[in-house]
Amino acid sequence: MEVRRRLAKQGVRFEELPREEALAHVERWREEHERRIGEQTRAGGFSVDWSRYRYTKDAASARATRRAFAALYRDGLIYRGERMVNWDPRLRTAISDLEVKHREEEATLYRLRYAWADGTLGGIEVATVRPETVFGDVAVAVHPDDERYRDAIGRFVIVPLAHRRVPVIADAAVDPAFGAGALKITPRHDPTDREIAGRHPDLAEPTEIFDDSARLAGPWVPREYHGLDREAARARAAEELEREGLLVRSEKYRHSVGRSERSDAVIEPRLSTQWFVRMAPLAAPVVAAVRAGEIRIHPDRWTLTFFRWMEGIQDWCISRQVLWGHPVPVEHCRACGQANVALETVTRCERCGSTELAPDPDVLDTWFTSWLWPFAALGWPEETADLAAYYPTDLLVTGRDIMFFWVARMMMSGFRFTGKQPFSDVFFTGMLQDEAGHRMSKHLGNSPDPLDVIRDRGADAMRFALVFPTPATEDGPFGAAALDGARNFLTKVWNLARFSLGHVPAGTGPVAAAPALSGASALENRWILSRYRRVAEEVDAALSEFEPTRAATALHSFLWHDLADRYVEISKEALSGARGEALARETRATLLFVVERSLRRLHPFAPHVTEELWHALPHDGELLATATWPSPAEAPSDPAAELAMESVLEAIRLLRNLRAEEGVAAAAVTPAWIRPSGPEVAWVLSGERATIARLARVAPLELLAADAPTPEGVGSRVAPLGECYLVRPAETPAAAEALARERQKLGGLLAKTRQRLADAGFRARAPPELVRETEEKARELEERIRRIDEHMKPDASGVTST
RNA sequence: GGGCGCGUAGUCUAGUGGUUAUGACGUCACCCUGACACGGUGAAGGUCGCCAGUUCGAAUCUGGCCGCGCCCA
């Protein structure tokens, strides 16, 4: 189709080119794309075994394709026959059901009168959107129980325009509610009509009324209609019907129209001789394997869709009337008609010995080769070492749009030809959309060239943007916003590593293990190691559960917020040596460990950046790409440190918040006080007083006893942690507003909590522990509100003096 | 027409019975502090589509409705 379009731009019609020239155009196009896709794959940093590069139209693929065809034919699973197929009149080939896309479209519903053949007045009214097909009519059908037509059954009518006499027949498939309840029967161009005609063997054998391009033709079609396409013929028929008074009326009508996925031409259902694969026997073992959990589909919600299709599977039309493709490997005997299936070249008919053989004119659907991929790419049907070593494979990652075209069929062929499942897990990605929310497609031309994306933002940014923030399994926007976010994140990682490198003393060896911490170790070091372990576990769990986005999200949040924003800022003091050489050493080791191990875990998402950084750090081995995946258990889990650090971070946040509200200049350092809400908090805060003061830019920072008087001339904040006070430079309404907002929020919460406690049902049925917790929460809220009220009183805390 | 799925701040998104509803982008304010302005700090922003039901308690479970998407005919 692409070649066709390109040639059309130069004013050349593909169909009119000599065969060899047309093939050369396709081949040239193929080579260009092969090269481009190769470049894209390399630039994207995909770990591909190029030594096993294969093309589905090379000699080995041809051999596999022939072999598969022959085996299925021998087993009676391939047959040739005249069936109703989807005919693409633009490409002039049959296509499979999957290549037909149905869409609601606007049309005109014509009501035609079929006059009685015996000359009686009146007739039968038939509704159709395709009046041009009257030439192929062989009957008019009504529902057997339809009162209106009881007497009509068995009588004859005259087909309008065609002037042929056809019977009125009864068939239960007719919908009495549609139109006037009578259906024209055109067996060669409508699957339902064909079924109905099949049940009435005495009807005339219809002739074809369209040629390959769906232009009217054939003995039943009047001369003046010959050569008209469907649209033109329809217009002409409507006009002529109107003139003859046979058009009762016409109305607007929406109905579903099938179009060719490739050419967008309206499909013409057409009776034609094609090759088919019987699918039901092939589907059975696949359904069983998926049901038994031997093949798993991720995300598993698609399993249902998969089953539905598999269980209603139709035979697959595999022959195509196009130039490009593997030929149907059959030689037809001119003498006896035998179809000789050819694994190699056949010279005489296997039945009658005649040497008068004609090759089958058709080629195979490209999927008939692709469905063999998992084993054919490894050398099947030869019993190669690769096949023994790598088959069955484990994971297939692909787009959901080819679930049926490719994935389901690979499973079927796998069981059929190798007796084994081709893979154990299938991961379906969503379909990318542009930023306006339109699905990316060649047709819309809204998909960026990966090479452009890589040039602008980098291959790693492209990769990361594919999994973050929109889940890889969902349809979602892929554009500047996601790419910028990914690039910014990777820049952050780059700078983080650069900072860490500045603290690696010369001669530092590779990171063999997590630094051994002791009771004297810094809280931030215990904390970040414990956080790293948690995140490493989360990443591993997410990956093993086929949730790459969960893993990427965990790494994003850890590297940026925990490691860069918090840990690095807190550790700068220790790294400077200001807190002693022992602590500096421990902190350097911790930083290096966490950064190095995080890079390893980020590597699959951003191979280039992490590889580059890893080489700059002390390391062991040739490549990060082939380095081991470290165990999360290298780092100690330390819940106490995590809990304590939460209080420290909360204190910093409260003080910063207070600064902003009170209008303290960003660069100013101001005295502050914290009155902790309890002894545990007090203990933690006193240990980390210097850190809190430094990050919140306050000094001096004093901890107040519960009963100590409140300092004067300060702004304040009440939180679960305790109360914070800060010297304010000037009156700001922002602080008062913030306090009022907080008071209101807590008031609402308290009301809700009290209401719950007042509910007898809650006390009776909720777990006792929950009741206790709720009571505790109510008390805490009351206390906080009381304190806020105290602060809000104009004469309290020296806010204003009277 | 049948089936499947989804509706959570402007946008994307986490969250399968008790949370002060998660995060990212965007927005606003302040800040070029010696890794990073592709940055830092703080803030604002949500009747978890609507209506019933189950439950002591629902974003979460059930039913109906509305809207959207996909697959199949």
Side-chain angles (χ1 to χ4, degrees), chain A residues 97-98 100-102 104 175 191-192 255-256 258 299 301-309 312-314 400-401 403-404 430-431 433 435 437 439 457-458 461 468-471 474-503 549-550 552-554 556-557 560-561 564-565 568-569 572 576 652-661 663-667 694-697 719-720 734 737-738 741-742 745-746 748-750 752-753 755-767 769-771 773-774 777 781:
Chain A
D97 294 343
L98 283 176
V100 180
K101 297 296 156 202
H102 295 266
E104 286 272 305
D175 175 8
T192 314
H255 70 141
S256 179
R301 66 194 137 104
W302 297 115
T303 311
L304 215 62
T305 308
F306 181 80
F307 279 140
R308 248 186 61 76
W309 187 73
I313 201 160
Q314 301 291 310
R400 211 174 52 230
D401 53 334
M403 182 188 300
F404 304 129
M431 307 307 295
Q433 297 168 351
E435 291 196 301
R439 180 182 280 201
R457 310 295 208 311
F468 183 90
T470 303
E474 303 299 320
D475 296 353
F478 177 81
L483 287 164
D484 283 344
R487 180 206 49 190
N488 293 355
F489 170 58
L490 294 169
T491 306
K492 189 75 186 179
V493 171
W494 181 268
N495 283 312
L496 172 67
R498 215 156 56 95
F499 172 83
S500 309
L501 266 171
H503 295 280
T549 297
R550 214 176 99 206
T553 305
H556 182 272
S557 144
W560 200 321
H561 302 303
D565 289 348
V568 164
E569 292 310 319
K572 277 177 179 170
S576 74
I652 293 168
R653 203 184 61 75
L654 277 170
L655 289 168
R656 281 172 169 172
N657 178 297
L658 200 46
R659 289 176 64 100
E661 273 165 12
V664 177
R694 186 163 52 84
L695 292 219
R697 295 179 87 74
E737 276 169 30
R741 250 200 322 270
E742 178 81 1
K745 191 168 140 192
L746 294 179
L749 260 178
L750 180 61
K752 234 169 72 182
T753 310
Q755 197 181 346
R756 183 180 291 177
L757 286 168
D759 185 340
F762 175 71
R763 286 184 178 280
R765 305 202 185 197
E769 204 178 281
L770 184 73
V771 176
E773 277 169 23
T774 309
K777 193 163 99 185
L781 285 169

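Chain identifiers are assigned alphabetically (A, B, ...) following the order of the sequence lines, protein sequences preceding nucleic acid strands; residue numbering begins at 1 within each chain.
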Per-nucleotide pairing state of RNA chain B [Watson-Crick or G-U, under 3.5 Å; [ ] pseudoknot-crossing; | other strand]:
((((((((.[[[..)..(....]]].(((((.......))))).....[[[[[..)....]]]]]))))))).
A/Arg487 bridged to A/Asp484 by N-O distance under 4.0 Å:
yes
Find which nucleotide of RNA chain B each of A/Gly761 and A/Asn495 is nearest to by heavy atoms, and output the residue with the more 5' nucleotide.
A/Asn495
If I pick the C1' atom on B/rG23 and the same atom on B/rG45, what distance separates them, to the nearest angstrom?
15 Å
Between B/rC70 and B/rG64 - P atom distance, rounded Å:
24 Å
Reckon A/Leu496 touches a base, only the sugar-phosphate, or nothing at all at heavy-atom distances under 4.0 Å?
base
Anything under 30° is parallel, anything over 60° is perpendicular, the rest tilted; go ahead and classify A/Phe489 against A/His556.
tilted
Tell me the closest heavy-atom pair linking A/Ala696 and A/Leu655, and the distance in Å.
CB-CB, 3.7 Å
A/Lys492 NZ to B/rG39 P: how many Å, rounded?
7 Å
Which is true for A/Leu483 with a 4.0 Å heavy-atom rule: it touches a base, it touches only sugar-phosphate, or it touches nothing?
nothing
A/Leu781 CG to B/rU20 P, straight-line distance once rounded to whole Å:
9 Å
I'd like the C1' distance from B/rC6 over to B/rU16, given in whole Å.
15 Å
For atom C1', what is the distance between B/rG69 and B/rU27, given to the nearest Å?
29 Å
Rounded to the nearest Å, what distance is computed from the CD atom of residue A/Glu661 to the P atom of nucleotide B/rU41?
17 Å
Just wondering, do A/Asn488 and A/Trp560 contact through their side chains at under 4.5 Å, heavy atoms?
yes
Rounded interatomic separation in angstrom, taking CD1 from A/Ile652 and P from B/rU33:
20 Å
If you only use heavy atoms from C-beta on, which nucleotide in B/rU13, B/rG18, B/rC12 is closest to the side chain of A/Phe762?
B/rG18
Using a heavy-atom cut-off of 4.0 Å across all strands, would you classify A/Arg763 as base, sugar-phosphate, or nothing?
nothing
How close or far is atom C1' of B/rC70 from atom CZ of A/Arg400, stated in whole angstroms?
7 Å
Counting just side-chain N and O atoms, does A/Arg301 come under 4.0 Å of either OP1 or OP2 of B/rU16?
no
Take A/Arg308 and A/Thr491, find for each the nucleotide of RNA chain B with the closest heavy atom, and name the residue whose nucleotide sits nearer the 5' end.
A/Arg308
A quick test of your reading: do over 12 heavy atoms of other residues, nucleotides or ligands sit less than 6.0 Å from CD of A/Glu474?
yes
In whole angstroms, the gap separating P of B/rG2 from CZ of A/Phe307 amounts to 24 Å
Side-chain contact test, heavy atoms from C-beta onward, threshold under 4.5 Å: evaluate it for A/Lys492 versus A/Asp565 and give yes or no.
yes
Please examine the side chains of A/Thr303 and A/Phe307, heavy atoms only from C-beta on, and report whether any two atoms are closer than 4.5 Å.
yes
Side chain of A/Leu770 only, please: which of B/rC36, B/rG18, B/rG42 is the nearest?
B/rG18
Roughly, in whole Å, what's the span from CG in A/Asp759 to C1' in B/rG57?
8 Å
Which value, in whole Å, describes the distance between the P atoms of nucleotides B/rG18 and B/rG57?
14 Å
Which part of the nucleic acid, if any, lies within contact of A/Ala564, taking any heavy atom under 4.0 Å across all strands shown: a base, the sugar-phosphate backbone alone, or nothing?
base
Answer yes when A/Arg697 and A/Glu569 have at least one side-chain N-carboxylate O distance shorter than 4.0 Å, and no when they do not.
no
For B/rG3 versus B/rA14, give the span between their P atoms, rounded off to a whole number of Å.
27 Å
Can you identify which nucleotide, out of B/rG18, B/rC71, B/rC36, has its nearest atom closest to the A/Arg498 side chain?
B/rC36
Please determine, for the side chain of A/Ala766, which listed nucleotide (B/rC72, B/rG42, B/rG18) has the closest atom?
B/rG18
On a whole-Å scale, what distance lies between the P atoms belonging to B/rG34 and B/rU13?
39 Å
May I ask you to verify if any side-chain N or O of A/Asn657 is less than 4.0 angstrom from the OP1 or OP2 atom of B/rA43?
yes
Taking the side chain of A/Lys101 as its heavy atoms from C-beta onward, which of B/rA73, B/rA35, B/rC72 lies nearest to it?
B/rC72
Residue-phosphate contact under 4.0 Å: A/Lys572 side-chain N/O, B/rU33 OP1/OP2
no
Hey, does A/Arg487 reach any base, or is it just sugar-phosphate, or nothing, if we go heavy atoms under 4.0 Å?
base
Over 12 foreign heavy atoms within 6.0 Å of NZ, A/Lys752
no
Provide, to the nearest angstrom, the distance between the CG atom belonging to A/Leu654 and the C1' atom belonging to B/rU41.
14 Å
If you only use heavy atoms from C-beta on, which nucleotide in B/rA73, B/rU13, B/rA35 is closest to the side chain of A/His102?
B/rA73
Does a side-chain N or O from A/Lys777 land closer than 4.0 Å to OP1 or OP2 of B/rG18, or not?
no
Counting the atoms with a prime plus P, OP1 and OP2 as sugar-phosphate, which does A/Glu474 contact under 4.0 Å by heavy atoms, base, sugar-phosphate, or nothing?
nothing
In Å, rounded to the nearest 0.5 Å, how long is the span from OG1 of A/Thr491 to CZ of A/Arg457?
11.0 Å
Base, sugar-phosphate or nothing for A/Thr774? Non-hydrogen atoms, less than 4.0 Å.
nothing
When all nucleic acid strands are considered with a 4.0 Å heavy-atom cut-off, which category describes A/Pro299: base, sugar-phosphate, or nothing?
nothing
Could you walk me through whether A/Thr549 and A/Thr553 pass side-chain contact (heavy atoms from CB on, under 4.5 Å), step by step?
CA-CA 6 Å; A/Thr549 297; A/Thr553 305; 3.9 Å; yes
Enumerate all atom pairs, one protein N or O and one N or O from nucleotides 21-27 of chain B, separated by less than 3.5 Å.
unit_1	atom_1	unit_2	atom_2	d
B/rA24	OP1	A/His561	NE2	3.2

Remember a base hit wins even if backbone is also touched, and classify A/Asp484 as base, sugar-phosphate or nothing at under 4.0 Å, heavy atoms.
nothing
Once rounded to the nearest 0.5 Å, what's the spacing between atom NZ of A/Lys777 and atom OG1 of A/Thr753?
4.5 Å
Close side-chain approach of A/Phe762 and A/Leu770, heavy atoms under 4.5 Å:
yes
Rounding to an integer number of angstrom, what distance separates B/rU11 and B/rG5 when you compare their P atoms?
25 Å
Among the nucleotides B/rA43, B/rC72, B/rA35, whichever has the atom closest to the side chain of A/Arg653 is B/rA43
